[in-house]
Amino acid sequence: MTRVLVTGASGFIGRHVAEAAVRRGYEVVALVRNISTYQAPRPSVFPAAGDVRDPESVRSALKGCDAFIHLAALYTFDSTQTEVMREVNVDGTQNVLRMALKVGVERIVYTGTVGGTAFSIDGLATERDLAGPETMKGPYKRSKFEAERVVRQMAMQGAPVVTVCPTAPIGPGDEKPTPTGRIVRDFMRRRMPAYVDTGLNFVHVRDVAEGHLLALERGQLGARYLLGNADGNLTLSQAFGILSELTGVSAPRLRLPHTAVLAAARVSEIAGRILRRPPAIALEAAQMASTRMWVDPSWSVRELRMPQTPVRQAFQEAVEWFAAHGETAGNKPRDSVDA
């Protein structure tokens with residue numbers, strides 16, 4: 001049985017990756033910062049205390065592992081966390097990859113971001129469309145861009161690493177929730193009075209998890225795969241239409257111009273710095289919304305045989321999960337959810 005270490009196993013995608021790995025017969029070690037609060041998704045997922053910023057803890061967790069999936073990252077648009085983002089996303093990636101090579105891990109999968117892709121107004125982006133550093137305007141995108149550059153450099157030096165870049169995962173189990181899951185949750189709470197003309201490629205989170213394992217098993221070393229859905233390119237308005245049909249909540253009709261959203265985000269960022277709290281509207285998120293992040297994932301589907309669960313099903317399962325955890329159409333926000 002192959003033993004695989006998964007970092008970020010307590011996150012939305014990470015928990016699904018750990019479950020998918022167990023289903024495929026792997027023995028899973030989950031690197032988590034706090035074992036006492038970690039709830040393993042399966043009894044055969046074994047937690048190991050550690051932090052990607054601490055190479056020795058990673059070395060201990062890698063003991064006996066044949067493979068390694070590195071998902072851990074600080075995913076936030078809060079600019080006050082810029083320094084920590086770099087420590088975790090860039091330095092942490094360099095730490096864990098170096099340690100994995102030192103102990104002789106045979107295969108590595110690194111989870112990048114679709115934000116490192118150069119998107120086009122006229123067509124769909126592919127793995128070949130890499131964004132340049134000049135487009136990395138926010139601290140999160142910059143940190144992930146730099147981390148992926150570290151991974152590419154190590155791959156060129158012979159590291160057995162494959163990079164996967166999930167698009168916008170949707171589905172059950174988004175506890176925090178992620179920015180994508182927040183779209184579903186806030187829609188159910190009727191907290192979406194308006195929308196912007198933007199687009200995302202939505203994909204079922206379980207397909208993303210399977211994509212990680214398929215990349216581990218059959219991905220080309222040094223390659224980069226976009227883990228998306230061929231039918232998942234939707235405008236935000238289209239996504240709201242699906243959610244409206246599933247929940248009975250009316251979709252917003254007011255479309256805000258990007259200039260207004262950017263202006264509000266800049267004011268929100270300033271207020272956040274003064275009050276020392278995350279901005280209500282993150283400038284980086286507003287900047288990303290100015291581009292339709294649509295992709296062509298056909299190479300991943302063809303080469304990895306990545307599954308393609310209908311996007312509507314992904315939204316339905318997300319809605320059902322949030323409903324089962326106290327989110328009903330139009331209810332008031334709960335403090336425990338926002339904490």
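No hydrogens, no waters, no symmetry mates; every other heavy atom, side chains included, goes into these values.
Ser57 places a side-chain N or O within 3.5 Å of a backbone atom of Asp51 that can act as its donor or acceptor partner. Judged purely by atom type and a 3.5 angstrom limit, Ser143 has no side-chain atom pairing as donor or acceptor with the backbone of Val90. With hydrogens and angles disregarded, a donor-acceptor distance shorter than 3.5 Å links the side chain of Thr7 to the backbone of Leu71. In this structure a side-chain-to-backbone donor-acceptor pair under 3.5 Å is missing from Ser244 to Phe240. Ser10 contributes no side-chain N or O that, together with a main-chain N or O of Tyr38, makes up a donor-acceptor pair within less than 3.5 Å. Side-chain N or O atoms of Gln308 include one that pairs as donor or acceptor with a backbone N or O of Gly228 at under 3.5 Å. The backbone N or O of Asp66 sits nowhere less than 3.5 Å from a side-chain atom of Arg3 that would complete a donor-acceptor pair.
Ionic pairing of Glu148 and Lys144 is not present here: no N-O contact between side-chain nitrogen and carboxylate oxygen is shorter than 4.0 angstrom. Between Arg23 and Glu210, at least one side-chain N (NZ, or NE/NH1/NH2) sits under 4.0 Å from a carboxylate O, which counts as a salt bridge.
For the pair Ile35 and Ala48, the tightest heavy-atom approach, listed with the atom from each and the gap, is CD1-C, 4.0 Å. The nearest pair of heavy atoms linking Phe187 to Ala251 is CE1-CA, 3.9 Å. What you find for Ala230 and Pro297 is that their closest heavy atoms are N-CG, 3.6 Å. Scanning both residues, Ala125 and Ala118, for their nearest heavy atoms gives CB-O, 3.7 Å. Of all heavy-atom pairs between Ala20 and Ala209, the closest is CB-CB, 4.2 Å. In this structure, Phe145 and Ala131 approach most closely via the heavy-atom pair CE1-O, 3.2 Å.
When Arg218, Arg107, Gln220, His212 are each tested for a side-chain contact (heavy atoms from CB on, under 4.5 Å) with Val162, only one passes: Arg107. Partner of His204 under the side-chain contact (heavy atoms from CB on, under 4.5 Å) criterion, chosen from Pro172, Pro307, Pro169: Pro172.
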With side-chain contact (heavy atoms from CB on, under 4.5 Å) as the test, would you mind laying out the steps for Asn229 and Thr167 before giving the verdict?
CA-CA 8 Å; Asn229 189 291; Thr167 54; over 6 Å; no
Should Glu320 and Gln316 be marked as a side-chain hydrogen bond (donor to acceptor under 3.5 Å, both in side chains) after you check the CA-CA gap, both sets of side-chain angles, and the distance that decides it?
CA-CA 6 Å; Glu320 290 173 351; Gln316 181 173 348; 3.2 Å; yes
Applying side-chain contact (heavy atoms from CB on, under 4.5 Å), run through Leu236 and Ile183 and close with a yes or a no.
CA-CA 9 Å; Leu236 195 56; Ile183 293 173; 4.2 Å; yes
Just do the side-chain contact (heavy atoms from CB on, under 4.5 Å) check on Arg292 and Phe119 with the steps written out, would you?
CA-CA 7 Å; Arg292 290 186 177 182; Phe119 297 100; over 6 Å; no
Stepwise, does the side-chain contact (heavy atoms from CB on, under 4.5 Å) test hold for Arg53 with Val88?
CA-CA 6 Å; Arg53 293 169 292 184; Val88 174; 3.9 Å; yes
Using side-chain hydrogen bond (donor to acceptor under 3.5 Å, both in side chains), reason through Arg224 and Thr117 one step at a time and then give a plain yes or no.
CA-CA 11 Å; Arg224 180 177 187 264; Thr117 304; 3.1 Å; yes
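Going from atom CZ of Arg312 over to atom CG of Leu243 covers 9.5 Å, rounded to the nearest 0.5 Å. Atom CE of Met192 is separated from atom CZ of Arg185 by 9.0 Å, given to the nearest 0.5 angstrom. A distance of 9.0 Å separates CG of Leu214 from CZ of Arg305, quoted to the nearest 0.5 Å. The line from SG of Cys165 to CD of Glu127 is 8.5 Å long, rounded to the nearest 0.5 Å. Atom CG of Leu304 is separated from atom CG of Leu216 by 11.0 Å, given to the nearest 0.5 angstrom. The CZ atom of Phe315 lies 11.5 Å from the OG1 atom of Thr247; values are rounded to the nearest 0.5 Å.
For the residue pair Asp207/Thr309, the side-chain donor-acceptor check at 3.5 Å is satisfied. Between Gln313 and Glu317, the side chains place a donor N or O and an acceptor N or O closer than 3.5 Å (distance only, hydrogens not considered).
At a threshold of 4.5 Å between non-hydrogen side-chain atoms, the residues Val52 and His70 count as touching. Using a 4.5 Å heavy-atom threshold, the side chains of Val6 and Val45 count as separate. No side-chain heavy atom of Tyr110 sits under 4.5 Å from any side-chain heavy atom of Arg152. You'll find the side chain of Val203 stays beyond 4.5 Å of the side chain of Leu227, heavy atoms only. Proximity of Ile170 to Val311: side-chain heavy atoms (C-beta onward) are nowhere separated by under 4.5 Å. Between Ser120 and Asp129, every side-chain heavy-atom pair lies at or beyond the 4.5 Å cut-off. Two residues are said to be in side-chain contact when any heavy atoms from C-beta on lie closer than 4.5 Å; Leu101 and Ile108 meet this criterion. Using a 4.5 Å heavy-atom cutoff, the side chains of Leu124 and Val295 are not in contact.
Phe202 and Val301 are members of different hydrophobic clusters when ILVMFWY side chains are connected at heavy-atom separations under 4.5 Å. With hydrophobic clusters built from ILVMFWY side chains whose heavy atoms lie under 4.5 angstrom apart, Leu246 shares a cluster with Trp321. Note on Ile69 and Leu221: same hydrophobic cluster, where clusters join Ile, Leu, Val, Met, Phe, Trp and Tyr whose side-chain heavy atoms are under 4.5 Å apart, directly or indirectly. Under the 4.5 Å side-chain heavy-atom criterion for Ile, Leu, Val, Met, Phe, Trp and Tyr, Met99 and Leu97 are members of the same hydrophobic cluster. Hydrophobic clustering of Ile, Leu, Val, Met, Phe, Trp and Tyr side chains at less than 4.5 Å, counting indirect connections, keeps Trp294 apart from Leu200.
Sparse packing is recorded around CZ of Arg33, with 12 or fewer heavy atoms of other residues, nucleotides or ligands lying under 6.0 Å away. With a 6.0 Å radius and a threshold of 12 heavy atoms from other residues, nucleotides or ligands, Arg128 has its CZ atom at or below the threshold. Environment of CZ in Arg98: sparse, with no more than 12 heavy atoms of neighbouring residues, nucleotides or ligands closer than 6.0 Å.
Between Tyr225 and Trp299, the two ring planes are parallel [angle under 30°; tilted spans 30° to 60°].
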